[in-house]
Amino acid sequence: CVVILPLKKMKTLRETLREKNLLNNFLEEQAYRLSKNDSK
Amino acid sequence: ITIHPLRNYLDTAYVGNITIGTPPQEFRVVFDTGSANLWVPCITCTSPACYTHNTFNPQNSSSFREVGSPITIFYGSGIIQGFLGSDTIRIGNLVSLKQSFGLSQEEYGFDGAPFDGVLGLAFPSISTKGAIPIFDNLWSQGAFSEPVFAFYLSKYKPEGSVVMFGGVDHRYYKGELNWIPVSQPHHWLISMNHISMNGNIVACSHGCQAFVDTGTSLIYGPTDLVTNINKLMNARLENSEYAVLCDAVKTLPPVIFNINGIDYPLPPQAYITKDKNSCMSIFQGGLENLSPDNWLLGDVFLRQYFSVFDRKNERIGLAPAV
């Protein structure tokens, strides 16, 4: 007996941010956050 | 504290519905092979992300029990903090009784995420102490004839993708499943032999490890190796992403992942994503910050290859998706 559950593909945040021209800022902030985490 | 540093919610895309409690409260979650905890936002959460997501109200569930232990889960791009609870959880026809799960009271970095919470399907050893993963709980309650689950991620439509539990529906793949042992029973991690283009090895030349991760949509690797692959495509860096001329998709070669001696080609139509008039490479760097020799195969790879996760035999099966 296999239980099959449907999944739906959503628009990713990357796609949404790219559309709004905010992806670059986000990725720069993310890189900064990650580098801060590394230093810990 | 449970740390899952490889998660990347920015690229998460495939979601399904579950219910928690009596009467049931519905949530949209990512079925994530990269982590092992289930969590959803709590009604007491005051973070901005919680105002745009469904929240669980324990007082409205007669079957809820507070476990109380605090939880903190670090993700690549965010953090959730909260406490553990226990309740009845339904995934389709499957019912997990006294299922422990996290209730987030604070969330950072989940604003705008297209899901309420995460349902982790990795091994219990990386789950928060005291929180048995839902697959293990269902397994111990005799819910499955076979302790396996599998993903079919549709290549063409937003609908049509499925996660299946307790067995494999053979209509979703072509040919035979190739089985790959997991490298260690914590993550869904497998050994990869090399990555090649045009017959030349372009990365992972001495072998490497690859996380098979349904919770990430793209492919991640060490920055220098990913940059090399992107340059071989003649991709240019534009706003932190590598872009190619859209016409190039017709001429680019497949990127071939050799796993357990078998080639898994990824055609350019899969590894180049079109957004309006721009065409972007889905190969992303940055993973060396967290692990020097690891790759992360996300939905882009799993749309091409139907994937079976076999807990009993600790192995992953891959076959071309229909």
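All values reported here derive from a predicted model rather than from experimental measurement. Computation of the quantities below employed the complete heavy-atom set of this structure, encompassing side-chain atoms and omitting hydrogens, waters and symmetry-equivalent molecules.
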### Query
Which bit of B:Tyr152 comes within less than 4.5 Å of chain A, counting heavy atoms only: side chain, backbone, both or neither?
neither

### Message
Are there over 12 heavy-atom neighbours, none belonging to B:Asp169, within less than 6.0 Å of that residue's CG?
### Response
yes

### Query
Checking B:Val148 against chain A: side chain, backbone, both or neither under 4.5 Å from a heavy atom?
neither

### Task
Under 4.5 Å heavy-atom distance to chain A, tell me which part of B:Leu153 shows up: side chain, backbone, both or neither.
side chain

### Salt bridge flag under 4.0 Å for residues B:Arg311 and B:Asp136
yes

#### Entry: Heavy-atom check, side chain of B:Ile89 versus side chain of B:Ile134, under 4.5 Å
yes

### Message
Counting heavy-atom pairs closer than 4.5 Å to chain A, which one of B:Gly166, B:Gly16, B:Gly167, B:Ser161 comes out on top?
### Response
B:Ser161

### Distance flag, aromatic centroids of B:Phe211 and B:Trp188, threshold under 6.0 Å
no

### Query
In terms of ring plane angle, is the pair B:Tyr305 and B:Phe301 parallel, tilted or perpendicular, where the classes change at 30° and 60°?
tilted

### Query
chain A heavy atoms under 4.5 Å from B:Phe31: which part of the residue, side chain, backbone, both or neither?
side chain

### Task
Please look at B:Glu241 and chain A and tell me whether the side chain, the backbone, both or neither of the residue comes under 4.5 angstrom of a heavy atom of that chain.
side chain

